[in-house]
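The structure appears below as structure tokens.
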Amino acid sequence: MALTISYFAWVRERMGIGEESIERPVGVSTVADLIAWLAARDERGGLTFSEPGRVRAAVDGRMAGPGTALGRDIALFPPVTGG
Amino acid sequence: MALTISYFAWVRERMGIGEESIERPVGVSTVADLIAWLAARDERGGLTFSEPGRVRAAVDGRMAGPGTALGRDIALFPPVTGG
Amino acid sequence: MIRVAVQDAAIDIAAELDIHDAGGHGASASFIGRVRGEGDLVELFLEHHPLLTEAGLADVAHVAADRWSLSALTVVHRVGAMAPGDTIVFVLASSAHRAEALAACEYLIDRLKTDVMLWKRERFVDGRSAWVEPREGDRKRAARWD
Amino acid sequence: MIRVAVQDAAIDIAAELDIHDAGGHGASASFIGRVRGEGDLVELFLEHHPLLTEAGLADVAHVAADRWSLSALTVVHRVGAMAPGDTIVFVLASSAHRAEALAACEYLIDRLKTDVMLWKRERFVDGRSAWVEPREGDRKRAARWD
């Protein structure tokens, strides 16, 4: 199944792209699974996600935790600093 | 010694005047003394100050309690309702 | 900068905001109090003391400036006759930090209600007129800061 | 009335205030957050999520509207590149009662800092650029409302 991943702030800068589409890898079913898979995929991923605890996620437009099941769209980003 | 008394809000309306000057009566040395004296002076005073606890005072520009000594100017008024 | 005014004229909030905006303060908290039109009110008249009202506002403003770290503070109170919807009071507190601005703004409006020499009289459509009685809730809110 | 906007354009505070002023609400509490110019900052860039940022603002606004008795609520957040002194965020809460307006305004600005998808990057006069780290103080202030 296709999965659209978007990146924001320093996660975007380190990944070098704003968005990508991938086929969901076998065995990757939660946010934490995906982050671990991205960290293992290449050097960029390894550097970006060396501290998974610093990364937040939204799945299909809703804030998500590490154990949240993946949907069609996932956004990965640092803790927010608005206001 | 001359004493200027000013009245505000319903205290002014009941007294029928905004300000008056009197010679300080013998034995009248505090805010409470003056209010008691005004209440005894005439019918208007009696009606205005029938409940002395509803009246507040300022002496020479500073908020004052019943026991505060009189100065040159005294303002008598209801509890405030600004803002 | 502390600015305190008691005036008959309508309060020009945009002009007051411009002064703080020019200061580039990180945070500005404001409060606007307006005449409510409930109960067939046609006029609110606010009586003041020609000397003590402004002095009282200035006292409250200086206490706030001592208590919180503020870079600018404005308090404008209208007096005289007002119609429903008119602005009675405007408080604007600016600071580098939002918590300071918010707390000072709330303090000021709470204290204005109980500490400054102002008296409200309401006039209604049927001709009735009455002085507003102080509210216990206002006294309690003001006392939170003691 | 709840109005939420995320925009690149400068925030027109006077226009936003006019909308609430026309409503004749008894009390309006507002908060203005501006770009601070400390530490040789030359630009603040605010990145947002094209869909989720406005949805997040709307969520926070609706929670406030459920929690307090409000007659009107406006939240406008600027995004993109800003200079020191520019307004980043404007919150305006109106109610018949001042305590409700003040509490809702404070709630909104506290929650915006931690719950809405926005990321600040600062650029300094020497060319350095850095993403702003979340502050523990902001997290604690936001958690007071839980």
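None of the values given here were measured: they were computed from a predicted structure. Every chain is numbered from 1, with letters handed out A, B, ... down the list of sequences.
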C/D18 versus chain D, the contacting section by heavy-atom distance below 4.5 Å | neither
Out of curiosity, D/I32 CD1 to C/L17 CG, how far, rounded to the nearest 0.5 Å?
-> 5.0 Å
Name the region of C/A96, side chain, backbone, both or neither, that has any atom closer than 4.5 Å to a heavy atom of chain D.
-> both
Honestly, the part of C/L102 sitting under 4.5 Å from a heavy atom of chain D is side chain
Report yes or no: does C/R34 contribute a side-chain atom to a donor-acceptor pair with the main-chain N or O of D/H25 at less than 3.5 Å?
-> yes
Could you tell me which of C/H20, C/E106, C/R141 has the largest number of non-hydrogen atom pairs under 4.5 Å with chain D?
-> C/R141
Bottom line for D/A93: the part with an atom under 4.5 Å from chain C's heavy atoms is neither
Side chain, backbone, both or neither: which part of C/I13 has a non-hydrogen atom closer than 4.5 Å to chain D?
-> side chain
Between D/A27, D/G24, D/G85, the one whose heavy-atom pairs under 4.5 Å with chain C are most numerous | D/A27
Identify which part of C/A99 has an atom lying under 4.5 Å from any heavy atom of chain D, answering side chain, backbone, both or neither.
-> both
Taking every heavy-atom pair that is under 4.5 Å apart, which of D/S28, D/P84, D/C105 has the most such pairs with chain C?
-> D/S28
Heavy-atom proximity to chain C below 4.5 Å, by part of D/D86 = neither
